Structure formats: structure tokens, C-alpha cells
Number of protein chains: 2
Amino acid sequence: MNVKKIPDIIIGRLPVYLRALQRMADNGAKTTSSQELGEHVGISAAQIRKDISQFGEFGKQGTGYSIQFLIDKLREILKVDRVWDVVLIGAGDLGHALANYNGFQNRGFRVVAIFDNDKNKVGQKIGEFTVEDTDTMLERIKSMGVKIAMTTVPASAAQEVADKLVQAGVRAILNYAPVSLNVPENVKVQYTDPSTNLQRMTYYL
Amino acid sequence: MNVKKIPDIIIGRLPVYLRALQRMADNGAKTTSSQELGEHVGISAAQIRKDISQFGEFGKQGTGYSIQFLIDKLREILKVDRVWDVVLIGAGDLGHALANYNGFQNRGFRVVAIFDNDKNKVGQKIGEFTVEDTDTMLERIKSMGVKIAMTTVPASAAQEVADKLVQAGVRAILNYAPVSLNVPENVKVQYTDPSTNLQRMTYYL
DNA sequence: CCAGATTTTGTACAATTTGACACAAACGCA
DNA sequence: TGCGTTTGTGTCAAATTGTACAAAATCTGG
């Protein structure tokens with residue numbers, strides 16, 4: 001047993017580190033320290049060192065971390081050292097925004113299909129994609145072997161869509177609808193609905 | 001001292017409870033239990049009881065919680081028993097999606113203005129809004145007294161925009177750009193970038 | 001209408017998880 | 001070589017979650 005169980009909370013911070021490191025690399029930096037990285041992401045240096053050290057000794061005393069090396073390691077750990085196919089359900093405004101989003105490039109993701117149940121939208125072009133019918137979704141996802149989905153459907157349809165996605169073999173759902181989804185334990189869901197996020201802040205105003 | 005310091009992590013769960021409760025209310029339910037609510041949101045019943053009891057004794061043994069009463073209380077606690085004005089910076093696809101989003105209604109928020117620095121977009125209509133120039137943003141926000149902003153600008157512009165928002169008196173920022181923002185301690189930021197959210201899940205695939 | 005069974009809350013206490021602190025060891029540099 | 005920097009980690013403190021149960025309310029069956 002070489003690998004101990006890594007807490008979710010640490011995994012959740014890694015993408016933040018990765019994002020900051022990639023930004024540093026874009027700016028031409030070669031090395032950084034836990035101190036500097038911490039200032040960028042608003043997390044204590046000690047915490048960052050401990051998080052990273054869960055996976056190996058990637059730094060060097062006196063010098064810090066090689067940015068490129070750490071990026072490579074984090075991408076490997078998070079399994080984004082490859083490109084994941086992602087399907088998008090819901091061709092509304094938000095669906096359009098995600099379809100055209102260029103931030104997936106170089107971050108390990110690629111949208112491969114868009115579905116909607118509105119017959120008026122089916123067949124429409126969004127960028128290079130043609131909106132497909134949700135009736136054919138299950139088969140299409142299965143045959144493509146896609147494991148990741150993003151849902152931008154109305155709250156009322158979200159659970160039904162999620163059920164279908166799970167049935168099709170999807171294992172990770174990024175849910176933009178304002179509802180909690182009921183899924184099996186081996187399926188991960190991330191929620192990201194604007195109202196909920198705003199409500200997390202108003203308490204402090 | 002009647003009110004003890006409530007941990008952030010509890011505050012973060014309240015909007016989730018609220019969302020589920022509002023959904024139950026829409027479906028005509030009158031009461032619920034910590035058990036039932038927990039099943040809906042995927043959190044243990046004990047945890048929910050403990051969270052809620054931080055603010056008072058809102059339930060009744062043997063019966064559970066009155067849904068409407070709990071909604072009212074949570075809205076009050078989260079300060080969404082009113083309507084907050086929100087400004088939107090960035091009139092791209094995502095900006096359009098948020099401007100047209102109807103999930104803010106009944107959740108305590110209302111978009112009141114949209115800004116962009118692209119002179120081609122300034123003056124454009126988005127729904128009932130006219131895109132305004134970021135040059136006039138600082139004054140406009142100040143005069144309207146807006147405290148909440150959503151940013152859908154490119155990563156490269158996000159920090160600069162955030163600085164201006166802080167200067168204009170904004171105290172809460174929902175940031176869709178894939179960068180960590182550096183803001184004073186009294187300003188809250190919530191991050192919500194698709195790639196980062198997806199990367200939080202790939203580890204488990 | 002009532003007594004016992006059932007439900008469900010709120011909380012005391014225990015266990016676990018998470019974060020802060022401190023420092024020896026390693027490295028670079030002058 | 002000696003000094004300043006920075007990592008990785010052991011130890012401790014704090015925060016968070018889980019468990020269990022008394023008390024309160026409702027329900028049920030006669």
C-alpha cells in the first residue's frame with residue numbers, strides 16, 4: 001500500500017494551485033515557493049507544502065518548486081494530463097456560453113456534443129456543434145464512452161437528465177441547475193448555481 | 001453577546017438547505033424533517049439539526065420543521081429576505097446567460113447594470129439592459145450603492161476589474177474568471193470556473 | 001379520551017479531521 | 001565555509017462531524 005487516502009478537501013485545492021501555477025508559467029516564471037504561491041491563492045504556505053507533500057517530495061529546500069515540474073505532477077495527480085471528452089446538456093444561453101468557452105483548452109477537457117430536448121433547438125448549430133436530441137443521448141454517450149457531463153437544464157428537468165446520464169455511464173456531473181441531484185455513490189457531482197453562490201456571501205455583508 | 005460566531009462552513013450549507021426547502025414548498029409540502037431534508041441534499045440529519053440549531057429552536061419534536069417558517073428564517077439569516085442589486089461585468093456569452101437568468105428572482109437578487117470595456121459592445125441591448133462602458137463603472141456603481149458584482153471577464157482583466165469594484169464599494173464578487181483575486185479582507189469572493197470544477201472530479205474517475 | 005408506542009428535535013460528549021506552528025535538514029550563493 | 005532561504009514533517013490545537021439519548025410532540029388502537 002503505497003498510496004494513502006487523500007482527503008477530498010486537499011484534492012479540491014489542487015486545481016486552484018494548478019491554475020495559479022499555469023498563470024505563473026504563462027508569465028514566464030520558472031520557480032516559485034510555497035510562500036509566493038500561497039499569496040497568490042490566499043492559502044497559508046504551510047498548508048500548501050503539506051498538501052503537495054502528500055504526493056511526493058516535489059520541492060527543493062532553499063529553492064522552492066519548479067513550476068513546470070509541479071504543473072506536470074498536479075496534472076498527473078488530477079488526471080488532467082490527458083483530454084477528457086465532455087457532453088453538454090441544455091442549449092440555452094448558458095449552454096452556448098459553455099460551448100464557446102475557450103478555457104477548457106489546455107485544462108484537460110473538450111466538449112464533444114450538445115443535447116437538448118427542445119425540438120426547435122435540435123439541429124441548430126452552436127459553433128461547430130449541432131444540437132442533438134436528448135432522445136438519442138443515452139446511446140450516443142454510451143457509444144462515445146463519455147464520462148463527464150455538464151448540465152444547464154431547468155431545475156425541473158435536472159434529476160431526470162442526471163438519471164439518464166448515470167445510466168449512460170457518466171461518472172462526473174457539473175450541475176448548473178439549482179437543485180441537488182440524487183446519484184449513486186460512485187458518481188461525483190459539483191454544483192455551481194449563481195444564486196446559491198451569491199447567497200453564500202450576503203450573510204457577510 | 002447573544003450571537004456566537006458561526007463557522008463559514010455552516011453558512012455555506014444554508015443556501016443549499018434553502019434551495020431544497022423552496023423546492024419542497026413549490027411542490028406543496030408543508031413540513032419536513034432533518035431526515036428528509038438530509039436525503040434531499042446529501043447531508044446527515046444530525047448535521048442539519050446542528051446547523052439549524054445554531055440560530056434558534058426552529059423545529060418541533062415529533063413533527064419536524066415548518067417549511068415556510070424555516071425558509072423565512074434562513075432568508076433572514078442569509079439576508080436574502082430583501083432584493084440585492086447586482087452588477088455584471090463582461091458582456092460575452094456568459095454575461096448574456098447571467099443577464100437573462102431567471103433564477104435570481106425569488107432568491108434575493110436583481111441584475112441592475114452590465115458593463116464591458118469593448119467599445120463595440122457598449123450600447124448594445126441585452127434583454128432590457130444596455131451595455132455600459134467600464135470607464136463609467138466606478139461612478140455608476142458608487143452612485144447606485146451596489147455591493148455585489150459578478151465578473152465574466154477574461155482572466156487577464158479580472159484583477160484590474162476587481163480592484164475597480166472594490167474601489168467602488170463592492171463587497172462581494174462572484175468571479176467566473178479562472179484566476180484567484182487579491183482583495184481586502186472585508187471583501188468576499190466566490191469562485192466558479194468550469195475547468196476548476198471539472199478538475200475537482202477527474203481525480204475520482 | 002387515554003396510555004403506550006413512535007417520531008423527531010436539540011444537545012452533550014466522543015471521535016475524527018483539518019489546520020497552525022515550529023524546526024531540523026537540505027540547498028544555493030557569496 | 002557560513003548565511004539566508006525553503007522544504008517536509010512531527011506535534012499540538014482547533015474545528016468539524018458522528019453518536020447517543022432525554023425530552024417533547026404526535027399518533028394509534030381500543
Side-chain angles (χ1 to χ4, degrees), chain A residues 2-17 20-21 24 29-74 77 185 200 203-204, chain B residues 2-17 20-21 24 29-74 77 185 200 203-204:
Chain A
N2 187 16
V3 187
K4 51 185 165 298
K5 161 77 182 164
I6 308 290
D8 291 356
I9 194 157
I10 293 184
I11 299 301
R13 282 192 291 259
L14 299 186
V16 178
Y17 302 159
L21 289 164
M24 289 178 189
K30 297 297 177 202
T31 66
T32 187
S33 64
S34 59
Q35 177 75 38
E36 185 186 39
L37 181 54
E39 278 162 19
H40 277 56
V41 300
I43 293 176
S44 82
Q47 175 110 77
I48 290 175
R49 288 203 300 280
K50 205 168 229 182
D51 285 352
I52 293 174
S53 72
Q54 301 290 313
F55 304 95
E57 308 196 356
F58 300 156
K60 205 185 273 185
Q61 283 100 329
T63 310
Y65 300 91
S66 154
I67 290 176
Q68 192 54 54
F69 181 77
L70 196 49
I71 287 174
D72 290 346
K73 282 295 177 185
L74 288 178
I77 293 162
E185 223 180 287
R200 276 184 218 274
Y203 174 81
Y204 302 96
Chain B
N2 189 14
V3 187
K4 50 185 165 296
K5 161 76 181 165
I6 308 291
D8 290 357
I9 194 156
I10 293 185
I11 299 300
R13 282 191 292 260
L14 299 186
V16 177
Y17 302 159
L21 289 164
M24 290 179 189
K30 296 299 176 202
T31 66
T32 188
S33 63
S34 58
Q35 177 74 38
E36 187 186 39
L37 182 53
E39 278 163 19
H40 277 55
V41 301
I43 292 177
S44 82
Q47 176 112 78
I48 289 176
R49 288 204 300 279
K50 203 172 238 181
D51 285 353
I52 292 173
S53 71
Q54 301 290 314
F55 304 95
E57 307 197 354
F58 300 156
K60 203 185 275 185
Q61 282 103 328
T63 311
Y65 300 92
S66 153
I67 291 177
Q68 192 53 56
F69 182 77
L70 197 48
I71 287 174
D72 290 345
K73 282 296 177 184
L74 288 178
I77 292 162
E185 225 180 285
R200 276 183 218 273
Y203 174 81
Y204 303 95

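Letters A, B, ... are given to chains in the order of the sequence lines, protein chains preceding strands, and every chain is numbered from 1. The model shown is predicted, which means the values in this text are computed figures rather than measured ones.
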Expressed in angstrom and rounded to an integer, what is the separation of [X] atom [atom1] from [N] atom [atom2]?
X: Gln54(A); N: dT9(D); atom1: CD; atom2: P; value: 9 Å
X: Gln47(A); N: dA14(D); atom1: CD; atom2: C1'; value: 13 Å
X: Asp8(A); N: dT16(D); atom1: CG; atom2: C1'; value: 14 Å

From [atom1] ([X]) to [atom2] ([Y]), nearest 0.5 Å:
X: Ile6(B); Y: Phe55(B); atom1: CD1; atom2: CZ; answer: 4.0 Å
X: Tyr203(A); Y: Leu74(B); atom1: OH; atom2: CG; answer: 12.5 Å
X: Leu70(B); Y: Ile52(B); atom1: CG; atom2: CD1; answer: 4.5 Å
X: Lys60(B); Y: Phe69(B); atom1: NZ; atom2: CZ; answer: 10.0 Å
X: Tyr65(B); Y: Met24(B); atom1: OH; atom2: CE; answer: 12.0 Å
X: Gln68(B); Y: Lys30(B); atom1: CD; atom2: NZ; answer: 8.0 Å

Residues 37-50 of chain B side chain polar contacts: donor-acceptor under 3.5 Å, at least two apart:
{"unit_1": "Glu39(B)", "atom_1": "OE2", "unit_2": "Gln35(B)", "atom_2": "NE2", "d": "3.1"}
{"unit_1": "His40(B)", "atom_1": "ND1", "unit_2": "Glu36(B)", "atom_2": "O", "d": "3.1"}
{"unit_1": "Ser44(B)", "atom_1": "OG", "unit_2": "Gln47(B)", "atom_2": "N", "d": "3.1"}
{"unit_1": "Arg49(B)", "atom_1": "NH1", "unit_2": "Ser34(B)", "atom_2": "OG", "d": "3.2"}

Inset, instruction - Select base, sugar-phosphate, or nothing to describe what Ile9(A) touches, counting heavy atoms under 4.0 Å on all strands. - result: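 Sugar-phosphate, no base atom in range.
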Inset, instruction - Please list, chain by chain and in numerical order, all residues satisfying side chain to side chain contact (heavy atoms under 4.5 Å, CB included) with Tyr204(A), sequence neighbours excluded. - result: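 Scan of Tyr204(A) (side chain to side chain contact (heavy atoms under 4.5 Å, CB included), adjacent residues dropped) gives Asp8(B), Ile11(B), Lys188(B).
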Legend entry - Axial bend angle, the helix from dC1(C)-dG30(D) to dA30(C)-dT1(D): five-pair end segments, nearest 10°: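 Axis angle across the helix from dC1(C)-dG30(D) to dA30(C)-dT1(D), nearest 10°: 30°.
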Inset, instruction - Could you identify which residues of residues 57-69 of chain B place a heavy atom less than 4.0 Å from some atom of DNA chain C, listed by residue number, or say none? - result: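 Hits under 4.0 Å, by residue number: Glu57(B), Phe58(B), Gly59(B), Lys60(B), Gln61(B), Gly62(B), Thr63(B), Gly64(B), Tyr65(B).
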Legend entry - Neighbours of DNA chain C within residues 31-45 of chain B, by heavy-atom distance under 4.0 Å: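 When residues 31-45 of chain B is checked for heavy atoms under 4.0 Å from DNA chain C, the hits, listed by number, are Ser33(B), Ser34(B).
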Legend entry - Covered region of DNA chain C, 5' end to 3' end, by chain B [heavy atoms, under 4.0 Å]: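 With heavy atoms of chain B under 4.0 Å away, the range is dT7(C) to dC13(C).
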Inset, instruction - For dT17(D), take OP1 and OP2 only and decide whether either is under 4.0 Å from a side-chain N or O of Arg49(B). - result: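 Arg49(B) to dT17(D) OP1/OP2: no side-chain N or O under 4.0 Å.
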Inset, instruction - Compare every heavy atom of Ile67(A) with every heavy atom of Ala29(A), then report the nearest pair and how far apart it is. - result: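 Looks like CB-CD1, 3.6 Å.
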